[in-house]
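This report concerns only the one structure given below.
Ligands are counted one by one from 1 in listed order, and the atoms in each one are counted from 1 as well.
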Amino acid sequence: MKTLVIANWKCNPTTLQGVKLLVDAIKSKVKGIKRVEVVICPPFVYLSHLLFSTSKLRLGAQDVFWENKGAYTGEVSPDMLKDLGCQYVIVGHSERRSFFGETDEMVNKKVKAAILAGLRPILSVGESLEEREKGKMGNVLKKQITSAFNNVSRSKFQVSGLVIAYEPIWAIGSGKACSPDEAMGAGIFLRRCLGALYSRALAESIPIVYGGSVKASNAASYITQARLQGLLVGGASLDIEEFVKIVKSVSEI
Ligand code: PGA
């Protein structure tokens, strides 16, 4: 399995020129890098400008709606993303849950719709600082996983495309990354939750990546020490040098 490095650009950059600069630089600098799958998740409006068919990069979206078409002003559907060449889509990011009121039920609909369209959903889960301090982390993660995958069948076809991103809310954009030991504990727990839903072989085939203040200096530790299968990078993915260092550091493992 290749190590995943997912770039979540969030609501950046603000111009198409900025996007092209970033992508061209990343494309040329990651060219010869092996054993890593780099997924770029730009804002929706830039997706159609980014065709990665001949490069090492993969395209992902930051969100998706659960219906494919109809009277849903402002929404972007799974089939539209697929048609533009997306292979991945982030679902249930904590910023969507907190700023836009996304519930576990909505996340579940999005996960199912993404799978049906042939997209790989990257399900983002994670606890707040308060939940962690009150010892509720396990319950929160279990509920998020179980409800997101409600009615996602045990078939290999449905499960083999899933990706889990463990992103503790307190670590996102805070500069306070989760320690590799803490991330390893969360990874083991999440894998146990998956094992309760799916066969052992299927549960083990689902990559679990870490997200939250990833930078070049800590990136490799989540693979070597925490034994996770990749990274979801926010802020640092907008800094070309830093992002390329992250990709290189995990490719050399
Ligand atoms: P960060 O964001 O790397 O800026 O902490 C990660 C994320 O929100 O996906």
Side-chain angles (χ1 to χ4, degrees), residues 3-14 18-19 22 26 36-44 46-47 57-64 86-102 107 110-111 114 119-129 131-132 137 140-141 144-145 148 162-180 182-183 186-187 190 207-223 226 228-250:
T3 304
L4 278 169
V5 179
I6 304 157
N8 177 12
W9 287 356
K10 309 193 182 189
C11 192
N12 304 289
T14 53
V19 168
L22 259 179
I26 294 171
V36 182
E37 176 136 311
V38 179
V39 184
I40 304 288
C41 302
F44 285 137
Y46 301 129
L47 287 170
L57 307 180
R58 301 279 172 265
L59 195 58
Q62 297 173 17
D63 185 28
V64 66
C86 283
Q87 295 184 11
Y88 291 85
V89 59
I90 300 170
V91 178
H93 192 282
S94 63
E95 285 155 14
R96 295 221 54 87
R97 295 181 197 253
S98 66
F99 298 140
F100 305 103
E102 264 188 29
V107 170
K110 292 181 177 200
V111 166
L119 296 162
R120 296 189 66 179
I122 302 162
L123 172 70
S124 178
V125 296
E127 79 289 354
S128 66
L129 191 57
E131 288 163 342
R132 171 173 275 250
M137 175 180 156
V140 170
L141 295 182
Q144 288 176 337
I145 290 275
L162 304 176
V163 179
I164 311 273
Y166 171 57
E167 300 202 279
I169 297 170
W170 48 271
I172 294 178
S174 64
K176 294 186 202 121
C178 186
S179 75
E182 290 170 320
L190 288 167
I208 300 177
V209 307
Y210 169 75
S213 296
V214 172
K215 41 188 189 280
S217 57
N218 61 16
S221 67
Y222 297 107
I223 314 300
L228 299 180
Q229 290 75 50
L231 303 163
L232 203 161
V233 189
S237 70
L238 293 159
D239 176 331
I240 297 165
E241 296 308 321
E242 186 76 5
F243 185 65
V244 171
K245 272 192 206 163
I246 290 172
V247 176
K248 284 192 175 153
S249 74
V250 302

Side chain, backbone, both or neither: the part of N8 lying under 4.0 Å from ligand 1 by heavy atom: side chain
Considering both backbone and side-chain atoms of A236, is one of its nitrogen or oxygen atoms within less than 3.5 Å of a nitrogen or oxygen in ligand 1? no
For atom 4 (O) of ligand 1, what is the closest protein heavy atom, and at what distance to 0.1 Å? G235 N, 2.8 Å
Do the side chain of Y46 and the main chain of P13 share a donor and acceptor less than 3.5 angstrom apart? yes
closest protein heavy atom to atom 2 (O) of ligand 1 is K10 NZ, 3.3 Å
Rounded to the nearest 0.5 Å, how far apart are CD of Q229 and CD1 of I164? 10.5 Å
If we number the atoms of ligand 1 from 1 as shown, the ones under 4.0 Å from a heavy atom of H93 are 7 (C), 8 (O), 9 (O)
What's the separation between atom CD1 in I122 and atom CG in L4, rounded to the nearest 0.5 Å? 7.0 Å
Under the salt bridge (charged side-chain N to carboxylate O under 4.0 Å, His left out) test, residues paired with R132 that sit two or more places apart: E127, E182
Report the nearest protein non-hydrogen atom to atom 3 (O) of ligand 1: residue, atom name, distance rounded to 0.1 Å. G234 N, 2.9 Å
Nearest-neighbour protein heavy atom for atom 7 (C) of ligand 1, which is reported as residue plus atom name and distance: E167 OE2, 3.2 Å
Could you measure the distance from the CD atom of Q62 to the NE2 atom of H93? Nearest 0.5 Å is fine. 8.5 Å
Would you call the rings of Y210 and Y166 parallel, tilted or perpendicular, taking 30° and 60° as the class edges? tilted
Going by the order shown, which atoms of ligand 1 are within less than 4.0 Å of some heavy atom of G173? 1 (P), 4 (O), 5 (O)
Are any of the heavy atoms in G212 under 4.0 Å away from ligand 1? yes
If you look only at distance, which donor and acceptor atoms sit under 3.5 Å apart when one is on a side chain in residues 233-243 and the other is two or more places apart or in another chain?
from, atom 1, to, atom 2, distance (Å)
S237, OG, V233, O, 3.3
S237, OG, G234, O, 2.7
D239, OD1, E241, N, 3.2
D239, OD1, E242, N, 3.1
E241, OE2, K29, NZ, 3.4
E242, OE2, A216, N, 2.8

For L232 and ligand 1, does the shortest N/O to N/O distance drop below 3.5 Å? no
